[in-house]
Each structure stands twice: as C-alpha cells, then as structure tokens.
K.L.:
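Right, I'll just put the structure down here and ask away after.
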Amino acid sequence: MTIDSPLPAPEGQHWNADRYAENARFVADLGSAVLNWLAPQPGERILDLGCGDGHLTRRLADLGVTVVGVDAAPDMLVAARKLGLDVRLMNGHELDFEQEFDAVFSNAALHWMRRPEAVLASVKRALRPGGRFVGEFGGHANVAAIQVALLAVCQRRGLDAEQVLPWYFPTADEYRDRLQNTGFIVDRMETIPRPTALPTSMRGWMETFAGDAMGQLPSAERGAALDEIVALLGPVLRDASGQWVADYVRLRFAAHLS
Ligand code: BEZ
C-alpha cells in the first residue's frame, strides 16, 4: 500500500467558538472512550493535538496531567484559555516540540490535517522514547451521506471534490501502515460506526463544519445550496421523530514508540 499522500494542505477551516459550542458539544462529550485508551497518569506531560475549545484538555488537566494544547484556530484557543489552559497556536504538520511529551493525544482533529505523513513525523519528534500516540478521528466513509450531498450540490455549481471535501478519512489498514512506517508500534486500532444525534440541525452542522466549502460558492448561491443539501439529507439522516442523526465513523488507535 502506498503511503504518499496525494492531498494538498488545506487552507484551514475558520472556526467560531460560540457556534461550535452550540452545534458540536458532543465532540468532547463523546471523547471518554479515547481518553480511556490514553489512560493518562497524574504527573505525565501530555500534548493535546487539535485541542479546539479545550473541553477534553481541561479533563486531562483535572486528572493531574501537565497538559499543553495546540490548535491552528485562534478563536478556539481564546475559548480554551478561558478554561485556564496552557494552549498554543500551532500547526499539527509542524509541531515545535522535541522529545518533550509522555503522550500525544488527539480527538476529532487529525482528519483536518491532510498531510498525515508530516503530522506523524511531527508527533514522533514531540514524544520521548517510549511515548504514546493515542487518538480518534474520522475513519473511511465518515459522514458519507453528508459528503455526497455536499459534493453533488457544489459540483452542480462548478466546484470539485478537492475544493469541497477538505477531510482525511483513512481506513484502519492505511493508518496502521502509516503509523508503522513512521516507527510506531500499534497496540490497538478500531473502526467504529457511530451514528450521532445532532444537538441542533443539519443546517447547524453544515455551518459549523462545512463553512469553508460553502464559502467557495458565490455568496448569492449559498442559501439555496444549503437548502438543497438539507433537503437531500432529510430523508436519509432524520429519524421518525425528526431528529438528525449524522453517519459518523470513528477510527480509534493507540500506538507507542520503542
Ligand atoms: C468528524 O469529527 O468526524 C468530522 C467533523 C467535521 C467534519 C467532518 C467530520
């Protein structure tokens, strides 16, 4: 299997912490399983890669961990600092750490980093010998229905898949190969279908997570495009009570260096 990424670096999603809190609180709420895989010990020094607004980072700190969070979204870091956390603006492809951490942890962030070989090399550099890398992110066919609807509606308006689908959702086999090729020993790896009830609506999800894709459309077109996406997805992703349930698939892994 090839491990060279054909994907370019993303331009970067523009995050709004208030909108995220309203539409995406479940992201941190559903992070307990991967935290269990991390098994953080008091006194350990842990890097939270893609810490966002810091809700899971805070949980790590409350367990007695010395935790540093990094994220590429300044607005989210403002929210994280309000939780009293040590967080820094940094790109996961180019972490500025040398053998500093007992573990690197990441929840729901690695799929935004489209050059996984650079991210893995960067994580390896940040870890002490024997250090762990434990994370969870979108796996192959994550939010597949949403991706198809977004692509169909944007393609009709002249955009292509590279422009509208900014995510990296690998299979377990692919990601295991990448970890091993970087020098990690893979302890556990699971692909987990996880239908997820949305706290607000598909419109709220799209505005929170696909804003940059939609932003490439002329502003006069965006409202109609969003209406079309929501109409396409309704019969597939709304249950009988009208609740939106998104078709999430997680890839969860635990690996370590020798
Ligand atoms: C995810 O956490 O799986 C996800 C988040 C935003 C867009 C797509 C997927």
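Note: hydrogens, waters and symmetry copies are ignored here, and every other heavy atom, side chains too, is used. In this chain, residues are counted from 1 in sequence order. All ligand and atom numbering here is 1-based and tracks the order in the structure.
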K.L.:
Before we go on, tell me: are the rings of Tyr168 and His111 under 6.0 Å apart, centre to centre?
P.N.:
no
K.L.:
Atom 9 (C) of ligand 1: which protein heavy atom is closest, and how many Å away?
P.N.:
Asn142 ND2, 3.4 Å
K.L.:
Do the charged groups of Arg250 and Glu190 touch, with an N to O distance under 4.0 Å?
P.N.:
no
K.L.:
Against heavy atoms of Trp112, which atoms of ligand 1 measure under 4.0 Å?
P.N.:
6 (C), 7 (C)
K.L.:
Taking only heavy atoms of Phe169, which atoms of ligand 1 are found under 4.0 Å from at least one of them?
P.N.:
8 (C), 9 (C)
K.L.:
Would you say the ring centroid of Phe137 lies under 6.0 angstrom from that of Tyr175?
P.N.:
yes
K.L.:
How far is atom 5 (C) of ligand 1 from the closest protein heavy atom, and which atom is that?
P.N.:
His111 NE2, 3.7 Å
K.L.:
Should the proximity of Phe137 to ligand 1, defined as any heavy atom under 4.0 Å, be assigned to the side chain, the backbone, both, or neither?
P.N.:
neither
K.L.:
Hydrophobic cluster membership, with links at side-chain heavy-atom distances under 4.5 Å among I/L/V/M/F/W/Y: are Ile146 and Leu217 in one?
P.N.:
yes
K.L.:
For Tyr248 and ligand 1, does the shortest N/O to N/O distance drop below 3.5 Å?
P.N.:
no
K.L.:
Do Phe133 and Phe253 make the cut of ring centroids closer than 6.0 angstrom?
P.N.:
yes
K.L.:
May I ask you to identify the nearest protein heavy atom to atom 6 (C) of ligand 1, giving residue, atom name and distance to one decimal place in Å?
P.N.:
Phe209 CD2, 3.3 Å
K.L.:
Distance to the ring centre below 6.0 angstrom and angle to the axis at most 45 degrees; does that hold for Arg188 and Trp37?
P.N.:
yes
K.L.:
What part of Phe26, side chain, backbone, both or neither, has a heavy atom within less than 4.0 angstrom of ligand 1?
P.N.:
neither
